2 protein chains.
Amino acid sequence: MATPQDRQLVEQWRSIQTTYFRTAGAIDRALESRFNIGLTEFEILDLVAESEDAACRMKQLGERTPMTQSAMSKVVDRLDKAGLVSRHSCEDDRRSLFLELTDAGRALHREAAIEHRALLKENLA
Amino acid sequence: MATPQDRQLVEQWRSIQTTYFRTAGAIDRALESRFNIGLTEFEILDLVAESEDAACRMKQLGERTPMTQSAMSKVVDRLDKAGLVSRHSCEDDRRSLFLELTDAGRALHREAAIEHRALLKENLA
DNA sequence: TGTCATTCAATGACGTGTCATATAAGTTGG
DNA sequence: CCAACTTATATGACACGTCATTGAATGACA
């Protein structure tokens, strides 16, 4: 039934959950109030900022986050409407989309990343 | 700007996210398909099962999970409607609620816990 | 080339979480 | 004992994520 190993697994799991929710919540609230974007939006910005060179990225980005394809699509839509990224269709495969930070997006990312890293440091100690 | 320490923090964070989503997703799908309850429902069942003695537990349970009070209330509502727990109002403080597993709840929890522990083991290795 | 399958992204219906608030019960100070 | 405050839970509006599906482009191959 409830072996000691089971208990230890459950403890470990709850600890992950706690860390995850505490950290995600803190970052989300901070970004929301200071920059009007949520954590998921920032995470996409961050991925785009990291890969300012590759092409046709929408798909590849999806592979680097636990987000669903559908979730990605909606987040990118919000970022686009907020004027932080722009979508360009790929020359060689017109199904794919190529993402780029706008100047506003780049500026916001620069600021927000500082906050983001600081809160990670504070919460993952 | 992006110090090595920053990068390491971000890596660590993404790793937590990945583990969290992979594990939660696996458990949620399994419980959903085999027992018709989601992960959050199970987690409340699990907490109630653990504390089969204390009184007025709704509040205390809230302190042992990152869930919001409002979320708790709704999850418990679903569990109640599904006939897995029952709510009894407290004699000494009629604002508080006292939760109890029903027989069905206890039986389901017993089965589901096995699945839950197995998936934790598989994912948190 | 014409069909059939596959891949990329977007969308609508839906469930569940959050915030703000409501309701009800308890507490405290005059 | 009554106002004002606090605490425990429930609820409604709303935001966001998921699943299933669609539309469009590509690929594979007879």
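These numbers were taken from a predicted model, which means no experiment stands behind them. Chain letters run A, B, ... following the sequence lines, proteins first, then strands; residues in each count from 1.
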key: A:Phe21 and B:Tyr20 aromatic ring geometry - parallel, tilted or perpendicular at 30°/60° bounds   =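 Aromatic pair B:Tyr20/A:Phe21 classed perpendicular.
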task = Classify the angle between the aromatic ring planes of A:Phe42 and A:His109 as parallel (below 30°), tilted (30 to 60°) or perpendicular (above 60°).
result = parallel
DNA chain C: 5'-proximal contact among A:Lys59 and A:Phe21 (nearest heavy atom) = A:Lys59
message = Tell me if a side-chain donor or acceptor on A:Thr18 pairs with a main-chain N or O of A:Arg14 at a distance below 3.5 Å.
response =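 Yes, A:Thr18 side chain to A:Arg14 backbone: donor-acceptor pair under 3.5 Å.
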Distance-only donor-acceptor test (3.5 Å): side chain A:Arg95, base D:dT26 =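 No such pair is found, so the answer is no.
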query = Less than 4.5 Å apart, any side-chain heavy atom of A:Ile44 and any of A:Val85?
reply =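 Result no, sub-4.5 Å side-chain heavy-atom pair not found.
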[N] [atom2] sits how many Å from [X] [atom1], rounded?
X	N	atom1	atom2	value
A:Asp93	D:dA25	CG	C1'	7 Å
B:Leu61	D:dA10	CG	C1'	17 Å
B:Arg87	D:dA8	CZ	P	17 Å
B:Gln69	D:dT11	CD	C1'	10 Å

request  = Would you jot down, in residue-number order, the residues of residues 25-45 of chain B having a non-hydrogen atom under 4.0 Å from DNA chain D?
outcome  = none
Which pairs of donor and acceptor atoms, one on a side chain in residues 118-125 of chain B, lie under 3.5 Å apart (sequence neighbours left out)?
from	atom 1	to	atom 2	distance (Å)
B:Asn123	OD1	B:Arg22	NH1	3.2
B:Asn123	ND2	B:Leu119	O	2.8

inquiry  = According to salt bridge (Lys or Arg N to Asp or Glu O under 4.0 Å), does anything in residues 65-83 of chain B pair up with another residue at least two apart or in another chain? List the pairs.
reply    =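 Salt bridge (Lys or Arg N to Asp or Glu O under 4.0 Å) check on residues 65-83 of chain B returns B:Glu41-B:Arg78, B:Asp77-B:Lys81, B:Asp77-B:Arg87, B:Asp80-B:Arg87.
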Taking every non-hydrogen atom, the tightest pair across [X] and [Y]:
X	Y	answer
B:Leu39	B:Leu31	CA-CD1, 4.3 Å
B:Ala30	B:Glu115	CB-OE2, 3.9 Å
B:Ser89	B:Leu97	CA-CD2, 3.9 Å

ask   = Near DNA chain C, under 4.0 Å by heavy atom, which residues of residues 70-83 of chain A?
value = A:Ser70, A:Ser73, A:Lys74
query = Along DNA chain C, 5' to 3', what are the outermost nucleotides having an atom less than 4.0 Å from a heavy atom of chain B?
reply = C:dT16 to C:dG26
ask   = For B:Arg7, what residues pass the side-chain hydrogen bond (donor to acceptor under 3.5 Å, both in side chains) criterion, not counting sequence neighbours?
value = none
key: Member of B:Arg110, B:Arg117, B:Arg64 meeting the salt bridge (Lys or Arg N to Asp or Glu O under 4.0 Å) criterion with B:Asp46   =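 Testing B:Asp46 for a salt bridge (Lys or Arg N to Asp or Glu O under 4.0 Å) against B:Arg110, B:Arg117, B:Arg64 leaves exactly one candidate, B:Arg117.
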